[in-house]
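What you see below is based on every heavy atom in this structure, not just the backbone, and it leaves out hydrogens, waters and symmetry mates. Computed from a prediction, not measured in an experiment: that's the story for all the values here. Naming convention: chains lettered A, B, ... in sequence-line order (proteins, then strands); numbering from 1 in each chain.
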2 protein chains.
Amino acid sequence: MTDMPFGTKAGKLPDAARPTALHERIRADIEERILSGVWPPGHRIPFEHELMEQYGCARMTVNRALSALTAAGLIVRRRRAGSFVAAPRSERALMEIQDFAAEAARDGRPYRHEIRARSVAAVDVAAAEHFGIPAGAQALRLDCRHWIGDLPAAVEDRLILLDAVPQAGEESFVETPPGSWLLSRVPWTRAEHVIRAVNADAALARDLGIARGGACLVLERRTWQADAPVTAVRLSYPGDRHRFVGHFSPSGKAG
Amino acid sequence: MTDMPFGTKAGKLPDAARPTALHERIRADIEERILSGVWPPGHRIPFEHELMEQYGCARMTVNRALSALTAAGLIVRRRRAGSFVAAPRSERALMEIQDFAAEAARDGRPYRHEIRARSVAAVDVAAAEHFGIPAGAQALRLDCRHWIGDLPAAVEDRLILLDAVPQAGEESFVETPPGSWLLSRVPWTRAEHVIRAVNADAALARDLGIARGGACLVLERRTWQADAPVTAVRLSYPGDRHRFVGHFSPSGKAG
DNA sequence: CTCCTGATTATGTATAGACAAATAACGGGC
DNA sequence: GCCCGTTATTTGTCTATACATAATCAGGAG
């Protein structure tokens, strides 16, 4: 290998558009395995030493790829121990707003949730319209209410696509609310949030314990894994008891 | 220098906590100059060659710092030309939601805004309370309304601190609404957003052309530049005509 | 004057080697 | 068995060098 010219490695594969730089390709390879779930959170990824041999390159090149993944928050590195797939980021900007347990803990008030309905069925036209996803696929539908202290904090109407998350079918969600459960188990590649304000109708007012017509925050979130929908949720909060807070800095990290 | 051990450079300054790694320090130094406005958008930062001499290190070390800044979107690099301070990011997650002109353009409807009040004064106790910033400093207070087509889209109540943005005192904001004006001129280091839902009182209902008690989205944003407040704004939107949309992907980039 | 070409220059990628720092694992002393 | 210091391993940082790539610029041909 000592005679091998530098820029000539990995000979140009006849493949389509691949990342041109080797460190980029290594990074993409690993990222793909993490996002696809092949390497779950906590999994130890190969040592720099091993990757270096696997790709036939210098350690600096591998290191560069892993540093990028570290910066992106996808892996965590520990000297002497190795590099590990990071726990799915829970606090990415708007993400944090559904972590009721954490919010309650900050205030020193007890948090709990109740599952009010749970069913497995194909996504019908009404549900598809409601959540903005295609109809037909098998999905778990959950109706859930969150409490902080003795006041309702939110009503949650959620769909979990069983194609993407088959193990959700076995889960009761009595111990862990569906949001946290998904957050800690399922990596996502894209998420979309919509925030609206609505006046509570009779049912919502009753469920949230507020006056009819009271202003409510509605958060709709849809999450994809490589263009396949994972989950869609509509969370309704009493407007006078809940606010969404986001911190930003130019580096992109949440505060 | 050939005999100089590697890790011993820059001898430990008696300073307080500084970034430990040199590439980290270079990155932080440059970031600071960009965010503080010393190097405005478009400014060419020193060549790797120059920085390398300035810090007495190898090019790889400088390159690493600049690569990080590129990944963060703070600089843009062009071969043969050099590295330049990037234009302020305009679409960072929630940031986009106030760009009425863009929103209107998407829909093909005309956008306009009106300045309903404009005054310069020291921040009094009531305003300090209202916006959550310290009282005392000289500030420009703006009351503004945004229209999309012939419907009111939002009411804006804003404070611009003249210590941080002195040139705002000379600006009428008739051509460019204050949000866009600030976004394109003033870099920020930290921003905080709060989103709430409220029932419109009589004044707000009148200004937005909605029924009294109608649900409204309220966005409060505060922006700092190195711990000094830059601007604070409260935007109120009709809940049935406005929604906040955010796209996220794991790499942290907005979609 | 225009178009093409080649030189120049700054960034992009990669190497091989070296030392530093942290820490998991091992082994000995009690 | 438990505590503690030593060792080995892995990541973190940096160097000095090399060649690749892209874009600008100057010069020459038409």
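- Separation of atoms CD (A:E32) and CD1 (A:I30) is listed at 11.5 Å; rounding is to 0.5 Å.
- The distance from atom OH of B:Y55 to atom P of D:dC14 is 12 Å, rounded to the nearest whole Å.
- Heavy-atom distances to DNA chain C give each of A:R79 and B:F47 a nearest nucleotide, and the one nearer the 5′ end belongs to B:F47.
- Atom CD of A:Q167 is surrounded by more than 12 heavy atoms from other residues, nucleotides or ligands within 6.0 Å.
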*Check the pair B:E31, B:L74 against side chain to side chain contact (heavy atoms under 4.5 Å, CB included), reporting the backbone distance first and the verdict last.*
CA-CA 8 Å; B:E31 180 178 273; B:L74 279 180; 3.6 Å; yes
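- Atom CD of B:E24 and atom P of C:dA21 are 17 Å apart (whole Å).
- If you take CZ of B:R27 and P of D:dC14, they are 13 Å apart, rounded to a whole angstrom.
- Distance CZ (B:F84) to C1' (D:dA23): 12 Å, rounded to an integer number of Å.
- Taking atom CZ of A:R80 as the reference point, atom P of D:dT6 lies 17 Å away to the nearest angstrom.
- Surrounding CZ of B:R78 are at most 12 heavy atoms belonging to other residues, nucleotides or ligands under 6.0 Å away.
- One finds the SG atom of A:C57 at 12.0 Å from the CZ atom of A:R64 (value rounded to the nearest 0.5 Å).
- OP1 and OP2 of D:dA22 both lie 4.0 Å or more from every side-chain N or O belonging to B:R78.
- Note on A:S83: every side-chain N or O is 4.0 Å or more away from OP1 and OP2 of D:dT10.
- The residue among A:A58 and B:R77 whose nearest nucleotide of DNA chain C is located toward the 5' end is B:R77.
- Taking atom CZ of A:R25 as the reference point, atom P of C:dT13 lies 15 Å away to the nearest angstrom.
- Counting to the nearest Å, the C1' atom of C:dA10 and the CD atom of B:E53 are 16 Å from each other.
- Atom CZ of B:R44 is separated from atom P of C:dA10 by 8 Å (rounded to the nearest Å).
- For A:H49, the NE2 atom is loosely surrounded, since the number of other residues' heavy atoms within 6.0 Å does not exceed 12.
- Contacts of residues 59-67 of chain B with DNA chain D (heavy atom under 4.0 Å): B:R59, B:M60, B:T61, B:R64.
- Between B:R77 and B:N63, the closest side-chain pair of non-hydrogen atoms falls below 4.5 Å.
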